[in-house]
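This is the structure I want to talk about, given as structure tokens.
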Amino acid sequence: VQLQASGGGLVQAGGSLRLSCVASRRTFWRDNMGWFRRAPGKEREFVAAIIWTGGPTYYADSVKGRFTISRDNAENTVYLQMNSLKPEDTAVYYCAAASGGWAKEYDYDYWGQGTLVTVSS
């Protein structure tokens, strides 16, 4: 099983980026999908999750109202649209797949390699 994340880059504060994560897993459509991030010097933290049905969605308080998670099961892809980016959003972003829960790192069975997002002030 592979999860390939892409879309990271350098953006100015207030800008937008869209991350994508393509899954090779055949049962992707049954997986809950999540995005996590690890900022420099910090532990990895939950960002957003979407249930296998396509909804509901869940967000960390720090990104609520700015980030939107979505999925296209026909394309085995999950997205993270990030708007109004702030310097504190700078991190390596990871996508992950869970066959059960969605809220904790230990819920996730498969992880992508991460994509770096840098937000300049």
- prompt: Going hydrophobic residue to hydrophobic residue with side-chain gaps under 4.5 angstrom, can you get from Tyr59 over to Tyr108?
  reply: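 Different hydrophobic clusters.
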task: Could you walk me through whether Thr115 and Leu19 pass side chain to side chain contact (heavy atoms under 4.5 Å, CB included), step by step?
output: CA-CA 8 Å; Thr115 184; Leu19 306 184; 4.0 Å; yes
- prompt: Does any non-hydrogen side-chain atom of Phe67 lie less than 4.5 Å from one of Trp35?
  reply: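 A side-chain contact is absent here, since even the closest heavy-atom pair is not under 4.5 Å.
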- prompt: Cationic tip of Arg71 within the cone over Trp29's six-membered ring, i.e. under 6.0 Å and within 45° of the normal?
  reply: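 Not flagged: Arg71 not positioned over aromatic ring of Trp29.
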query: Short question: side chain of Thr118, backbone of Leu10 - any donor-acceptor pair under 3.5 Å?
result: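 No; judged by distance alone, with no hydrogens or angles, the pair does not exist.
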Asp31 (side chain) donor-acceptor with Ala97 (main chain) under 3.5 angstrom: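 Checked: no pair found.
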field: Output field: ring centroids Trp102/Phe46 closer than 6.0 Å
entry: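 Judged by ring-centre distance (under 6.0 Å), Trp102 and Phe46 do meet the cut-off.
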- request: Please examine the side chains of Gln113 and Gln4, heavy atoms only from C-beta on, and report whether any two atoms are closer than 4.5 Å.
  value: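 Counting from C-beta outward, Gln4 and Gln113 do come under 4.5 Å.
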- prompt: Heavy-atom distance under 4.5 Å between the side chains of Thr57 and Ile51, does that happen here?
  reply: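 SC-SC contact between Thr57 and Ile51 ruled out.
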query: Do Leu17 and Val117 come within less than 4.5 Å of each other through their side chains, counting heavy atoms only?
result: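 The answer is yes; the side chains approach within 4.5 Å.
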- prompt: Is there a donor-acceptor pair closer than 3.5 Å between any side-chain N or O of Arg38 and the backbone N or O of Glu43?
  reply: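 No.
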field: Check ion pair Asp107-Lys104 (N to O, under 4.0 angstrom)
entry: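 Answer for the salt bridge query: no.
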query: Any side-chain heavy atom of Ile69 within less than 4.5 Å of one from Val78?
result: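 The answer is yes; the side chains approach within 4.5 Å.
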query: Heavy-atom distance under 4.5 Å between the side chains of Lys42 and Arg37, does that happen here?
result: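 Answer no - side chains too far apart.
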field: Donor + acceptor pair across side chains of Ser16, Asn83 (<3.5 Å)
entry: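 A pair is found: one side chain offers a donor N or O, the other an acceptor, under 3.5 Å apart.
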- prompt: Any link between Tyr93 and Trp111 through a network of hydrophobic side chains (Ile, Leu, Val, Met, Phe, Trp, Tyr) touching at under 4.5 Å?
  reply: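 Unlinked, Tyr93 and Trp111 end up in two clusters.
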- prompt: Quick one: are the ring centres of Tyr94 and Phe36 less than 6.0 Å apart?
  reply: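 Tyr94 vs Phe36: aromatic centres not under 6.0 Å.
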query: Judged by atom type as modelled, is there a donor-acceptor pair below 3.5 Å linking the side chain of Asn76 to the main-chain atoms of Ser24?
result: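 Not confirmed, Asn76 side chain does not pair with Ser24 backbone.
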- request: Taking Thr77 for its side chain and Glu75 for its backbone only, find out whether a donor-acceptor pair lies under 3.5 Å.
  value: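 Yes, the answer is positive, given that a donor and an acceptor are paired below the 3.5 Å cut-off.
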message: Testing the 3.5 Å rule here: is there a donor-acceptor pair between the side chains of Arg18 and Tyr79?
response: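 Not at all, the side chains of Arg18 and Tyr79 share no donor-acceptor pair under 3.5 Å.
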query: So, for Ser121 and Ala13, which heavy atoms are closest and what is the spacing to 0.1 Å?
result: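 The pair with the smallest heavy-atom distance is CA-CB, 4.3 Å.
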- prompt: Is there side-chain contact between Gln12 and Leu85, with heavy atoms separated by less than 4.5 Å?
  reply: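 With C-beta onward as the side chain, the pair stays apart.
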- request: Please answer whether the main-chain N or O of Gly100 pairs with a side-chain N or O of Asn32 as donor and acceptor at a distance below 3.5 Å.
  value: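 Here the side-chain-to-backbone pair exists.
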field: Same apolar cluster (I L V M F W Y, side chains within < 4.5 Å links), Val22/Leu3
entry: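 Per the 4.5 Å side-chain linkage, Val22 and Leu3 are not co-clustered.
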field: Side chain to side chain, Leu80 and Val47, heavy atoms closer than 4.5 Å
entry: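 In contact.
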query: Applying the 4.5 Å side-chain criterion to the ILVMFWY set and letting contacts propagate, would Met33 and Tyr110 be lumped into a single cluster?
result: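 In one cluster: yes.
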